[in-house]
Number of protein chains: 4
Amino acid sequence: MTASARALRSDAARNRESLLAAAEEVFAERGVEASVADIARRAGVAKGTVFRHFASKEDLIASLVCDHLITLTDAAHRLADAGDPGAALLEFLTIAADQRRQHDLTYLLTYSANDARVTTIRDEVHAGVETLVANARAAGAIRPDVTGTDVFLLMCAPVHVMDGLSDPPPDLWRRYLAIIFDGLRPQGATALPLPAPELS
Amino acid sequence: MTASARALRSDAARNRESLLAAAEEVFAERGVEASVADIARRAGVAKGTVFRHFASKEDLIASLVCDHLITLTDAAHRLADAGDPGAALLEFLTIAADQRRQHDLTYLLTYSANDARVTTIRDEVHAGVETLVANARAAGAIRPDVTGTDVFLLMCAPVHVMDGLSDPPPDLWRRYLAIIFDGLRPQGATALPLPAPELS
Amino acid sequence: MTASARALRSDAARNRESLLAAAEEVFAERGVEASVADIARRAGVAKGTVFRHFASKEDLIASLVCDHLITLTDAAHRLADAGDPGAALLEFLTIAADQRRQHDLTYLLTYSANDARVTTIRDEVHAGVETLVANARAAGAIRPDVTGTDVFLLMCAPVHVMDGLSDPPPDLWRRYLAIIFDGLRPQGATALPLPAPELS
Amino acid sequence: MTASARALRSDAARNRESLLAAAEEVFAERGVEASVADIARRAGVAKGTVFRHFASKEDLIASLVCDHLITLTDAAHRLADAGDPGAALLEFLTIAADQRRQHDLTYLLTYSANDARVTTIRDEVHAGVETLVANARAAGAIRPDVTGTDVFLLMCAPVHVMDGLSDPPPDLWRRYLAIIFDGLRPQGATALPLPAPELS
DNA sequence: GATGAATGAGAGTTCATTCAT
DNA sequence: CATGAATGAACTCTCATTCAT
């Protein structure tokens, strides 16, 4: 009984993972408008099974987003005590951009901005970024007038820039991350016209 | 006769403008998936009227995008002979970001990337940016390894950054434009890891 | 004043005729589902003008059908006193089938079966056919058990048969009229299984 | 498991049949322009269910037509070896006309003439008729100048003739089948004015 | 009388979601 | 637990008809 229960559970867990992976692929290909049926088909399960694992399509997206954000909090924690705070911040931003299909993450994040779990983890990521930025600023690696919230907001920009191209080189974001990061350095910084925002 | 013909036309023209304005607002609020019915309601006309003015939802979006892009080609032409090429480029990027509700332009541009009119005007904007960038580079106002295509792609980033905030100060993009523009300056520039892309 | 009034009237009459002609063409090409806009365009007038001349699309169709039916009553009257009643009936059926685009007449007749004018003229045609059939029967040209209503109903069959072909020779109906008419002849006639219907 | 699967399938199958039956009725009453909503209502299911069973309205119509045509190929095969070829042909035509609501088949066949399935089965029916006609001709039961294609095209005429009546006796087609079949007999045949067509 | 812009009901179709099996 | 049939609201788009000009 426990054996079969466990088997079921592991089956269910496998299905959940298949669904998340399938969703990521399908959203990457077709955008958020991709249908639940598409995702179920890709995962090799029936449509109804999607709703056994996720309360709604929104919930599925939120779970997807959370998974991505958790890897970011992990990275932020790991890099918080790094020797070179400037390099640590740059590495964090590189990791953030380097998540496959992050392309969608932007859309999906917007889509699930009201989800409680997403908000929570997003705040944790934000806190992690705040720490990395504080460290980097203290070390003189980035300009003093830039806040953690600024960097948090700029995080997705390098990937988003690629949306202007229909078939971009997959690593092109590295170029724009470099440019933007140069804008965060103290060298050649000009006065900023507006105060930094608070993360609502 | 011409008077009455003009009267009709001016009424129709007013409707057309209402529709474009309404579409801009509604797309800004709900994204591209906003329905034609929403747009009609906001414009205060019947659903069918939308299709009298625009062959399809796609066509409406393309028209919207074209309107925006045309103001950009105008600005680029006007600024091409400015005395201070660096200031001219910055002003152009300011104008580009300062278009009300540009927020959407990015999504909408992606959505209508295959429209012939949009492609044409987009290429003109690109050419204009190329000129402004060449001038600025020649004047030493921006780093030599940055191309017109780079700037064209980065153009929307300051506004897009605000997507991370649910209720941002409306001028916040100025802050991020300043940061990104600092990244384009020669001071403190680091080597870029990838070559600049071609605009497909 | 009378001059201009007359001019207007003749203009209006011309428009009416253009519209009927255009409608016939367009219905022939696209079927009854052809739009009023199509018809107006073909006639070179505005959509609103259609509704000045015809109360509704149904009314336009009914007018079209009436025009066709009137040529049939004319033919029936003309042939009522012909020397050879059998030949007269055959000629009438030939005329009935030979109306260009009669193909649609069938559909259109069904479509406007409830229109008062159509019903009236249809009854006149029926009466005319009744006479021609009575004459032919009296002359022994057609079998005695066939009524005017039978022939009236069979009238459209030769043209309708061609619907089974996507690109039929335009005169093919002549072949099927000949076959059906042979079925009306006394030679080789077998007993009919049901009594003739009344025209409702 | 197979039992429940079968149960589901039988429910679904019932719905499919309800839909086909409802479609047949509704098309008979209102013509091809009858809406999918009407059909769903008649079948007692939701609109969406129609599209679960049929990819499109066109597909539904094609399925309907195919169902009808299949009973005809069956009949043709069964009758191909009959002792009396003339009687066999007449029986085939009787079966063809006796399909409930065949009334529509003509319209619907035209509507779905481009559907691959329909084309295939229609060709099989044609081939079957060709055989029956060849047999009947060899036996001297029908005139030598009439082809299988002729009979194939005339097949629907008896039913179609009834369109001229708003409330015809349901068996009235038998009367017109008899008349038309008399036209196919060798007795009293007159020379046909045009060659027989090829089925495109 | 003629125009064509506006209307709004209704078409076919899609899809997230529910639920009997 | 999984299935997939059923649902019905929402979507884009069409069109006969009205009416101000």
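Residue numbers start from 1 in every chain, and the chains themselves are labelled A, B, ... in the order their sequence lines are given, proteins ahead of strands.
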Notebook entry, point to check: Hey, mind stepping through A/Arg42 and A/Glu29 against salt bridge (Lys or Arg N to Asp or Glu O under 4.0 Å) and telling me if it holds?
Noted result: CA-CA 12 Å; A/Arg42 178 81 56 116; A/Glu29 288 169 19; 2.8 Å; yes
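Regarding A/Arg14, its CZ atom lies at a distance of 14 Å from the P atom of F/dC1, rounded to whole Å. The distance from atom CD of A/Glu33 to atom C1' of F/dC11 is 13 Å, rounded to the nearest whole Å.
Counted within 6.0 Å of CD on C/Glu58, heavy atoms from surrounding residues, nucleotides or ligands total 12 or fewer; the atom is thus considered open.
Near-neighbour residues of DNA chain F inside residues 51-64 of chain C, defined by a heavy atom below 4.0 Å, number-ordered: C/Phe51, C/Ser56, C/Lys57. Non-hydrogen atoms lying under 4.0 Å from DNA chain F are contributed by A/Val45, A/Ala46, A/Lys47, A/Gly48, A/Thr49, all within residues 37-49 of chain A.
Formation of a donor-acceptor pair under 3.5 Å by the D/Ser35 side chain with backbone atoms of D/Asp38 is found in this model. One N or O on the side chain of A/Ser112 and one on the backbone of A/Leu108 form a donor-acceptor pair closer than 3.5 Å. A distance-only check finds a donor-acceptor pair linking the side chain of B/Lys57 to the backbone of B/Val32 [under 3.5 Å]. Side chain of B/Thr119 to main chain of B/Ala113: a donor-acceptor pair is present (N/O by atom type, distance under 3.5 Å, no hydrogens or angles).
Taking the six-membered ring where the residue is Trp, D/His160 and D/Tyr107 present tilted rings, their angle falling between 30° and 60°.
Among residues two or more places apart in sequence or in another chain, the side-chain hydrogen bond (donor to acceptor under 3.5 Å, both in side chains) test is passed with A/Ser63 by A/Arg117. Evaluation of the side-chain contact (heavy atoms from CB on, under 4.5 Å) rule for A/Ser166 yields B/Ser200 as partners, not counting sequence neighbours.
The strand DNA chain E forms stems, runs of 3 or more Watson-Crick or G-U wobble pairs with distances below 3.5 Å, at E:2-21 with F:2-21.
Here A/Asn15 reaches the OP1 or OP2 of F/dA2: one of its side-chain N or O atoms lies under 4.0 Å away. Between B/Ser35 and F/dC11 there is a side-chain N or O to OP1 or OP2 distance below 4.0 Å.
When the nearest nucleotides of DNA chain E are assigned to B/Val50 and D/Val36 by heavy-atom distance, the more 5′-ward of the two goes with B/Val50.
For the pair C/Phe54/C/Ile61, no side-chain contact is recorded, criterion being any heavy-atom separation below 4.5 Å from C-beta on.
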Would you be so kind as to tabulate the donor-acceptor pairs closer than 3.5 Å made by side chains of residues 15-23 of chain C, with sequence neighbours excluded?
residue: C/Ser18; atom: OG; partner: C/Arg14; partner atom: O; Å: 2.9

